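A short worksheet on the structure shown next.
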Amino acid sequence: MSEPNLAWTGVLARIAQAAAHANRATTPPQLLAVSKRQPVAALRALAAAGQSAFGENYLQEALPKMAALAELNLSWHFIGRIQRNKTRDIAAHFDWVHTLDRAEIAQRLSAQRPATRPALRCLIEVNISGEASKAGVTPAGLPALVALVRSLPGLALRGLMCLPAPTTTEHEQRLPFRQLRQLRDALGDLGLEELSMGTSADFQAAIAEGSTLVRIGTALFGPRDSS
Ligand SMILES: *Cc1c(COP(=O)(O)O)cnc(C)c1O
């Protein structure tokens with residue numbers, strides 16, 4: 001450990017507080033540090049504080065960061081849109097994928113996962129707010145995609161993910177997160193323990209509805225470089 005990172009300890013404290021408020025003090029969600037458009041030095045500083053899981057959205061940006069920090073044994077989560085021509089590198093380099101949303105991508109990731117690595121841990125992204133522009137399988141399409149992913153040897157399905165449309169009140173924020181949890185529960189006992197939900201803007205609401213992985217960027221790193 002080097003000097004304490006105040007943003008990191010502050011976010012962890014807010015997560016712990018939200019978990020306690022939801023009667024989950026002993027099972028708080030894991031913090032995924034969303035490091036897109038942040039420089040390697042910022043990731044290194046957070047890793048030095050004790051953060052081990054990082055989320056990246058863009059493959060071209062993630063690969064050099066992973067190489068630069070390879071000696072730190074971090075875990076890497078892919079949380080961006082998955083383009084067909086990027087599946088080989090995603091399957092080779094990442095530990096988790098949160099944004100699986102169609103059969104073809106699942107089949108490619110499974111076939112391309114190197115045999116030397118354990119099955120790629122996956123979450124299926126659900127378009128819970130029904131926005132036309134958003135990624136994610138529809139709730140109606142979810143059971144068939146779940147069945148397919150569970151049949152693929154290179155993938156290990158661990159849960160569901162959503163990125164709902166922004167709303168303002170905690171009550172409104174909780175609704176889509178509750179829907180995702182209920183969709184998961186309706187699938188039956190398939191070991192889908194992870195619910196990846198909540199960002200800087202709404203992680204307290206997500207924790208109240210059972211989030212196990214909060215994806216937080218801005219609150220940890222400050223604003224992103226938009227260049
Ligand atoms: C960028 C991003 C986040 C983090 O958002 P912040 O508002 O910076 O906390 C979380 N999830 C996904 C899928 C993202 O693309």
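As the structure lists them, so they are numbered: ligands from 1, and atoms in each ligand from 1. Because the structure is predicted, anything quoted here is derived from the model rather than measured.
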*Under 3.5 Å, is there a donor-acceptor pair linking the side chains of E172 and T169?*
yes
*Report the member of D202, T199, L163 with the shortest heavy-atom distance to atom 5 (O) of ligand 1.*
T199
*Heavy atoms of other groups near E193 CD, more than 12 under 6.0 Å*: no
_Atoms of ligand 1 close to I216 [distance to a heavy atom under 4.0 angstrom, numbered from 1]_ = 9 (O)
*May I ask you to identify the nearest protein heavy atom to atom 8 (O) of ligand 1, giving residue, atom name and distance to one decimal place in Å?*
T218 OG1, 2.5 Å
*Of all the atoms in ligand 1, which lie at a distance below 4.0 Å from a heavy atom belonging to G217?*
4 (C), 6 (P), 8 (O), 9 (O)
_Where ligand 1 meets N57 - atom numbers and elements under 4.0 angstrom, heavy-atom basis_ = 14 (C), 15 (O)
*asked:* Regarding atom 11 (N) of ligand 1: of the candidates R37, E125, R215, H98, which has the closest heavy atom?
replied: R215
_Give me the nearest non-hydrogen protein atom to atom 9 (O) of ligand 1 as residue plus atom name, then the distance to 0.1 Å._
S200 OG, 2.5 Å
_Counting only heavy atoms not in R117 (residues, nucleotides, ligands), do more than 12 fall under 6.0 Å from its CZ?_
yes
_Donor-acceptor under 3.5 Å (E104 side chain, R84 main chain)_ = no
*So with a 6.0 Å cut-off around CD of Q17, is the heavy-atom count from everything else above 12?*
no
_Ignoring hydrogens, what is the shortest heavy-atom contact between P29 and A19? Give both atom names and the distance._
CD-CB, 4.4 Å
*Which residue supplies the protein heavy atom nearest to atom 13 (C) of ligand 1, what is that atom called, and how far is it?*
I79 O, 3.6 Å
*asked:* Give me the residue, atom name and distance of the protein heavy atom closest to atom 14 (C) of ligand 1.
replied: K36 NZ, 3.0 Å
*State whether a side-chain donor-acceptor pair under 3.5 Å links E194 with T212.*
yes
